[in-house]
Q: 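Take this structure first; my questions come after.
Convention: sequence-line order gives letters A, B, ...; per-chain numbering from 1.
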There are 2 protein chains.
Amino acid sequence: MFDRLKASLDRLLPLTQEEFIHFVMLLKPRRLTKNEHFLRAGEICTHLAFINLGCLRYYYLKDGEEFNGQFFFEGAWVGEYQSFLTGQPAVQYFNALEDTELLVMHRSDLQQLYADVPKFERFGRVLAENVVIGSQHRTASLLFETPEERYLKLLKERPKVMERVPLHHIASYLGIKPESLSRIRKRIAENR
Amino acid sequence: MFDRLKASLDRLLPLTQEEFIHFVMLLKPRRLTKNEHFLRAGEICTHLAFINLGCLRYYYLKDGEEFNGQFFFEGAWVGEYQSFLTGQPAVQYFNALEDTELLVMHRSDLQQLYADVPKFERFGRVLAENVVIGSQHRTASLLFETPEERYLKLLKERPKVMERVPLHHIASYLGIKPESLSRIRKRIAENR
DNA sequence: TCATTTACTTAACCTGAGTTAAGAAAAAAG
DNA sequence: CTTTTTTCTTAACTCAGGTTAAGTAAATGA
């Protein structure tokens, strides 16, 4: 049950058996069926979630249209930072792309943990720092790569996304419409 | 000399006089003249910098063209996370848009500080968390706002950028060419 | 002070992604 | 097993932003 979590935490900060158990005690399992939401815009994000099995995406909704921000798989931590940290309503939606098993921690339990065991501040810091790096890659990609470049990079660097996520979601992630992704795929297939 | 720093730190985490002095002792002043670089792609980002006076931007270079990632003013902390944290070569360029006064802290001094005074882990965490929030706003904006919407939002929410940054840099930040920004500005002036 | 560079705008033409509409294929539901 | 829904593709047309080129104004430097 906690094997993947243990492996994931070990890469962030080494913990004693005791510390790991302390951490695990604050987690609760939560299951999502495919398409079920973990969080909706307008709600307060009260929990941070570890993906033990399955797959989530977060997206924005604008004029009735969805825009995919990111896809997450086993071993990732998810939650809306903006809401989780400030207590303001979320602007992102999180939903499951597959049946998913989460291990969730409540905001107040995490804050208590920071207060009780200062060592865990490092967990929070390293987690946030990794999110920064990922988010800045994403910004750079949207800023100066063409949709075709983004698609080829995704194909090469994140094959799991290509295998497990429908193309219309990928199009949205790339910042284009499904029709445009079809065109790009055709262009590439005919290599020109 | 440290008034602005004190005010900025107070918002991140309350420090005793002693702790503040400990922190300040690790800082060194550094001046940049207009257009001077704080960091270039390929270099290792060894310092985190507090902007005491002036203005910086970070940008990416692709096929000889600059793409502005963000603008920073007095009171902001800057540095390339990816390089600072992993020790890998930077991919971003940081340069001064005006004559600028920085207070810089070396990577190893910050790490030593984390080790010596665990309380400062919180500084690192909260700093990173704020960067996450900013970076995700930026991603969202590039993902689903039109260049015109981004321009109007910048005008409204960050007038300082409009006042202190040349339009061609703003165009690049918005993800368009200067000519397109001119068109957008004309369109807005004729309100249609 | 004069020359040069930088900043900004305008206009004509081009291009790639959006839009609309339709249909085929695969997956899910009954 | 059949129907319905979802996923994906194709094609014609539109349009915002890119490209190229030129010109004006302001800032900078010799």
Q: Both A:Val165 and B:Gly175 contact DNA chain D. Which one's nearest nucleotide lies toward the 5' end?
A: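 Residue closer to the 5' terminus by nearest nucleotide: A:Val165.
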Q: To the nearest Å, how far apart are B:Arg187 CZ and C:dA11 P?
A: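 So the two atoms are 15 Å apart, to the nearest Å.
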Q: So if I take every side-chain heavy atom of B:Leu167 and compare against D:dT28, C:dT9, D:dG17, which nucleotide ends up nearest?
A: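 So the side chain of B:Leu167 is nearest to C:dT9.
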Q: Using a strict cut-off of less than 4.0 Å between a Lys/Arg side-chain nitrogen and an Asp/Glu carboxylate oxygen, indicate whether B:Glu145 and B:Arg150 qualify as a salt bridge.
A: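 No, no charged N to carboxylate O under 4.0 Å.
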Q: If you check the A:Glu179 side chain, which of C:dG18, C:dT19, D:dC8 turns out closest?
A: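 In terms of side-chain proximity for A:Glu179, the closest of C:dG18, C:dT19, D:dC8 is C:dT19.
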Q: In whole angstroms, how far is the P atom of D:dT5 from the CG atom of A:Asn35?
A: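 From A:Asn35 CG to D:dT5 P: 15 Å.
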Q: Tell me whether A:Glu18 is salt-bridged to A:Lys119, with the criterion being a basic N under 4.0 Å from an acidic carboxylate O.
A: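 A salt bridge is absent here (no side-chain N lies under 4.0 Å from a carboxylate O).
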Q: Please step through side chain to side chain donor-acceptor pair (under 3.5 Å) for the pair B:Gln92 and B:Tyr60, ending with a clear verdict.
A: CA-CA 5 Å; B:Gln92 302 170 347; B:Tyr60 301 90; 2.9 Å; yes
Q: In whole Å, what is the span from the CG atom of B:Leu181 to the C1' atom of D:dT19?
A: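 In whole Å, D:dT19 C1' lies 16 Å from B:Leu181 CG.
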Q: Among D:dT19, D:dT7, C:dC8, which is the nearest nucleotide to the side chain of B:Arg183?
A: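 The closest nucleotide is D:dT19.
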Q: The side chain of B:Ile176 is closest to which nucleotide in this list: D:dT9, C:dA17, D:dG17?
A: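 My answer, after comparing the listed nucleotides, is D:dG17.
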Q: Will you find, in the side chains of A:Ser180 and A:Arg183, an N or O donor that is under 3.5 Å from an N or O acceptor?
A: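 Side chains of A:Ser180 and A:Arg183: pair found under 3.5 Å.
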Q: Select one nucleotide: of D:dT28, D:dG17, C:dA17, the one nearest the side-chain heavy atoms of A:Ser180.
A: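 Among D:dT28, D:dG17, C:dA17, the one nearest the side chain of A:Ser180 is C:dA17.
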Q: Without decimals, in angstroms, what is the distance between A:Leu174 CG and D:dC8 P?
A: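 Distance check: A:Leu174 CG to D:dC8 P gives 13 Å.
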Q: To the nearest Å, give me how far apart NE2 (B:His168) and P (C:dT10) are.
A: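 Distance, rounded to whole Å: 18 Å.
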Q: C:dA11 phosphate, OP1 or OP2: any side-chain N/O from B:Lys186 under 4.0 angstrom?
A: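 The answer is yes; a side-chain N or O of B:Lys186 sits under 4.0 Å from OP1 or OP2.
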Q: Starting at atom CZ of A:Arg185, determine the distance to atom P of C:dA25, rounded to an integer number of angstrom.
A: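 About 16 Å, once rounded to whole Å.
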Q: Provide, to the nearest angstrom, the distance between the CZ atom belonging to A:Arg150 and the P atom belonging to C:dG16.
A: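 From A:Arg150 CZ to C:dG16 P: 15 Å.
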Q: For B:Glu101, is there an ion pair with B:Arg4 - N to carboxylate O distance below 4.0 angstrom?
A: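 Not counted as a salt bridge, because no side-chain N and carboxylate O are separated by less than 4.0 Å.
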Q: Rounded to the Å, how far apart are A:Ile184 CD1 and D:dT9 P?
A: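 Spelled out: CD1 on A:Ile184 to P on D:dT9 is 11 Å.
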